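Numbers here simply count residues along the sequence, with the first being 1. Computed from a predicted structure; not experimentally measured.
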Amino acid sequence: QVQLVESGGGLVQAGGSLRLSCAASARTFTIYYMGWFRQAPGKEREFVAAISWGGGRTAYADSVKGRFTISREYAKNTGYLQMTSLRPEDTAVYYCAAAIRAQRWPVARGNEYDYWGQGTQVTVSS
């Protein structure tokens with residue numbers, strides 16, 4: 001089983017920055033990929049970014065490319081989402097997810113992930 005604990009959400013003004021963290025406890029399984037998704041009120045969950053845990057390969061949604069950076073600290077089993085130049089439309093609950101099976105890259109669909117965090121609210125004011 002993999003437990004994911006997110007932190008780092010909050011309220012920020014447009015143009016500001018936040019860094020989300022996702023600490024993974026994976027006692028039995030190996031994490032292959034970590035992804036970040038978000039869901040705004042009244043909207044479907046959408047892919048934000050993904051990283052291959054071993055190789056560090058990354059992928060981003062077009063809406064965040066150039067503004068968000070996904071990374072991981074392998075030794076700490078922790079993933080990060082650095083968000084800069086935030087916009088009001090980035091307001092959402094952000095979820096990290098872990099995949100414990102090999103998948104075809106990019107791993108951008110929710111059903112490709114096996115475990116999910118509880119979510120953290122990010123609110124960007126205009």
S.K.: Counting C-beta onward and ignoring hydrogens, is there a side-chain heavy-atom pair between E6 and S21 closer than 4.5 Å?
M.R.: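 Not touching, per the 4.5 Å side-chain cut-off.
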S.K.: Heavy atoms, side chains only, cut-off 4.5 Å: are I70 and Y80 in contact?
M.R.: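 Not touching, per the 4.5 Å side-chain cut-off.
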S.K.: Identify all side-chain donor-acceptor contacts of residues 7-17 below 3.5 Å with residues at least two apart in sequence or on another chain.
M.R.:
none

S.K.: Distance from R101 atom CZ to Y32 atom OH, nearest 0.5 Å?
M.R.: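 The CZ atom of R101 sits 11.0 Å away from the OH atom of Y32.
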S.K.: Is the closest side-chain heavy-atom distance between R109 and F47 below 4.5 Å?
M.R.: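 Counting from C-beta outward, R109 and F47 never come under 4.5 Å.
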S.K.: Determine yes or no for a side-chain-to-main-chain donor-acceptor pair under 3.5 angstrom, with N77 supplying the side chain and S25 the backbone.
M.R.: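 Between the backbone of S25 and the side chain of N77 there is no qualifying donor-acceptor contact (under 3.5 Å).
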S.K.: I'd like to know if the side chain of R38 pairs up with that of Y94 as donor and acceptor (distance under 3.5 Å, no hydrogens or angles considered).
M.R.: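 Indeed, the side chains of R38 and Y94 share at least one donor-acceptor pair under 3.5 Å.
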S.K.: With sequence neighbours excluded, give me every salt bridge (charged side-chain N to carboxylate O under 4.0 Å, His left out) pair touching residues 50-60.
M.R.: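 Not a single pair qualifies under salt bridge (charged side-chain N to carboxylate O under 4.0 Å, His left out).
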S.K.: Do V64 and Y95 sit in one hydrophobic cluster, given that two such residues count as connected whenever their side-chain heavy atoms are within less than 4.5 Å of each other, even indirectly?
M.R.: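 No, V64 does not connect to Y95 through the hydrophobic network.
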S.K.: Are more than 12 heavy atoms, taken from residues, nucleotides or ligands other than R45, located less than 6.0 Å from that residue's CZ atom?
M.R.: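 It does: R45 CZ has more than 12 such atoms within range.
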S.K.: Indicate, with yes or no, if V107 and I100 share a hydrophobic cluster defined by side-chain heavy-atom contacts under 4.5 Å among Ile, Leu, Val, Met, Phe, Trp and Tyr.
M.R.: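 In one cluster: no.
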S.K.: Will you find, in the side chains of T123 and Q121, an N or O donor that is under 3.5 Å from an N or O acceptor?
M.R.: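 T123 vs Q121: donor-acceptor pair found between side chains.
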S.K.: Less than 4.5 Å apart, any side-chain heavy atom of M83 and any of V122?
M.R.: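 Answer yes - side chains close enough.
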S.K.: Roughly how far, to the nearest 0.5 Å, is CD of E46 from CD of E44?
M.R.: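 Going from CD on E44 over to CD on E46, the span is 10.0 Å.
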S.K.: Within the distance-only criterion (no hydrogens, no angle test), does the side chain of Q103 pair as donor or acceptor with the backbone N or O of E112 below 3.5 angstrom?
M.R.: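 Yes; judged by distance alone, with no hydrogens or angles, the pair exists.
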S.K.: For a 4.5 angstrom cut-off between non-hydrogen side-chain atoms, does L81 reach T69?
M.R.: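 The answer is no, as the side chains (C-beta and beyond) never meet within the 4.5 Å cut-off.
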S.K.: Would you say D114's side chain and A99's backbone share a donor-acceptor pair under 3.5 angstrom?
M.R.: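 It does not hold such a pair.
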S.K.: Would you say Y74 ends up clustered with L4 if hydrophobic residues are merged whenever their side chains have heavy atoms under 4.5 Å apart, either directly or through other cluster members?
M.R.: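 Shared cluster, yes.
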S.K.: How close do D90 and S85 get, heavy atom to heavy atom, and via which atoms?
M.R.: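 For D90 versus S85, the nearest heavy atoms are OD2-O, 4.4 Å.
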S.K.: Do T120 and L20 have side-chain heavy atoms sitting under 4.5 Å apart?
M.R.: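 With C-beta onward as the side chain, the pair touches.
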S.K.: Answer yes or no: are there more than 12 heavy-atom neighbours, outside K65 itself, under 6.0 Å from its atom NZ?
M.R.: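 For K65, atom NZ is crowded (more than 12 foreign heavy atoms under 6.0 Å).
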S.K.: According to a 4.5 Å side-chain heavy-atom criterion applied to Ile, Leu, Val, Met, Phe, Trp and Tyr, with indirect links allowed, do M34 and L18 form part of one hydrophobic cluster?
M.R.: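 Linked within one cluster.
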S.K.: Taking only residues at least two apart or on different chains, which pairs with a member in residues 97-126 satisfy ring pair (Phe, Tyr, Trp, His ring centres under 6.0 Å)?
M.R.: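 Matches after skipping sequence neighbours: Y33-W105, F37-Y113, F37-W116.
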S.K.: Is a side-chain donor or acceptor of S63 paired with a backbone partner of A61 at a separation under 3.5 angstrom?
M.R.: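 Not confirmed, S63 side chain does not pair with A61 backbone.
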S.K.: In the structure I gave you, are the side-chain heavy atoms of C22 and W36 within less than 4.5 Å of one another anywhere?
M.R.: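 Side chain of C22 against side chain of W36, heavy atoms only: contact under 4.5 Å found.
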S.K.: The test is side chain to side chain contact (heavy atoms under 4.5 Å, CB included); show your working for F68 and Q82 and say whether it passes.
M.R.: CA-CA 5 Å; F68 290 11; Q82 178 69 49; over 6 Å; no
